[in-house]
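On a predicted model such as this, the values are computed, not experimentally measured, just so you know.
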Amino acid sequence: MAHFAKLGVGNKVLRVTVVSNDVATTEKAGEEFLQNLHGSRDVWKQTSYNTIGGEHKLGGTPFRKNYAGVGYTYDQSRDAFIEPKPYDSWTLNETTCLWEAPVVRPDDGQTYSWNEETKQWDVI
């Protein structure tokens, strides 16, 4: 199955829908199918369910850095879907197009949440 993100104002993802691979033999074919289905000239961009941070989970070819979600933005210059920035202090990793905290989350088996006030990870 092929997944397509409908883009709105500012290239914001409004919805993600699935199209059969028999129909979406190319991205253009999938986009035209969705435009005809909805009777519109909406912009649809294909997205890969298995792509995260520029890597394909199943070893395939990564596609547009990340799987699109509602509220994400399609960045045309990076050809990437980018999730909304979670905190003001976080920065975008240009390689993965994922947001990163200014401090690496500890990897000690405990559960943490980000504290924007202290700019630290707090144990939950």
Side-chain angles (χ1 to χ4, degrees):
M1 301 305 279
H3 295 80
F4 286 82
K6 178 181 176 181
L7 304 183
V9 175
N11 284 337
K12 293 286 185 197
V13 176
L14 302 176
R15 70 186 280 195
V16 178
T17 192
V18 179
V19 178
S20 169
N21 287 335
D22 295 337
V23 173
T25 55
T26 64
E27 181 174 17
K28 184 170 177 53
E31 181 178 27
E32 288 174 353
F33 169 78
L34 289 165
Q35 288 173 338
N36 291 332
L37 178 68
H38 296 288
S40 71
R41 300 306 311 161
D42 294 329
V43 176
W44 294 86
K45 292 286 184 185
Q46 193 168 359
T47 185
S48 171
Y49 183 77
N50 292 308
T51 300
I52 301 171
E55 293 186 20
H56 194 281
K57 293 187 299 186
L58 303 176
T61 302
F63 196 67
R64 296 207 164 103
K65 300 290 186 178
N66 297 293
Y67 179 68
V70 173
Y72 280 43
T73 300
Y74 172 69
D75 185 309
Q76 188 171 355
S77 65
R78 294 179 178 98
D79 192 27
F81 288 105
I82 301 171
E83 69 180 313
K85 188 174 185 176
Y87 300 98
D88 286 339
S89 65
W90 289 32
T91 56
L92 186 66
N93 178 312
E94 293 291 334
T95 303
T96 64
C97 288
L98 295 172
W99 295 103
E100 296 179 347
V103 176
V104 176
R105 180 176 24 195
D107 186 16
D108 58 8
Q110 296 189 66
T111 304
Y112 291 87
S113 67
W114 179 252
N115 183 328
E116 182 66 5
E117 186 175 312
T118 64
K119 310 284 189 281
Q120 294 291 322
W121 292 99
D122 291 341
V123 176
I124 297 178

Atom pair CZ/CG of Arg15 and Leu34 - distance to nearest 0.5 Å: 8.0 Å
Any donor-acceptor N/O pair, Gln35 side chain to Asp42 backbone, under 3.5 Å: yes
Shared hydrophobic cluster, Val123 / Trp121 (ILVMFWY, side-chain heavy atoms < 4.5 Å): yes
Heavy-atom neighbours of Lys85 NZ exceed 12 at 6.0 Å: yes
Gln110 atom CD, over 12 foreign heavy atoms within 6.0 Å: yes
Between Ser48 and Asn50, a side-chain donor and acceptor under 3.5 Å: no
Shared hydrophobic cluster for Val19 and Leu37 (ILVMFWY, side-chain gaps under 4.5 Å): yes
Verify same cluster id: Ile82, Tyr87 (apolar side-chain graph, 4.5 Å): yes
Atom CD of Glu55 with >12 non-hydrogen neighbours under 6.0 angstrom: no
Minimum heavy-atom distance between His3 and Tyr67, given as atom pair plus value: CD2-OH, 3.4 Å
Other residues, nucleotides, ligands: >12 heavy atoms within 6.0 Å of Asn21 CG: yes
Phe4 reachable from Val23 in the ILVMFWY side-chain graph, under 4.5 Å edges: yes
Backbone of Gln46 reached by a side-chain donor or acceptor of Glu27 within 3.5 Å: yes
Under 3.5 Å donor-acceptor, Gln120 side chain and Asn115 backbone: no
Same apolar cluster (I L V M F W Y, side chains within < 4.5 Å links), Leu14/Tyr72: no
Sub-4.5 Å side-chain heavy-atom contact between Arg105 and Trp114: no
Spacing of Tyr74 atom OH and Thr47 atom OG1 [to the nearest 0.5 Å]: 10.5 Å
Pi-cation contact, Tyr49 with Lys57 (under 6.0 Å, within 45°): yes
Which atom of Gly71 lies closest to which atom of Lys12, heavy atoms considered: O-CD, 4.2 Å
Thr111 side chain to Ile124 backbone, donor-acceptor under 3.5 Å: no
Short side-chain to backbone donor-acceptor contact, Asn66 and Leu98, under 3.5 Å: no
Atom CD of Glu94 with >12 non-hydrogen neighbours under 6.0 angstrom: yes
Phe81 vs Leu7, side-chain contact (heavy atoms from CB on, under 4.5 Å): CA-CA, chis, key distance, verdict: CA-CA 11 Å; Phe81 288 105; Leu7 304 183; 4.2 Å; yes
Backbone N/O of Glu83 and side chain of Trp99: donor-acceptor pair under 3.5 Å: yes
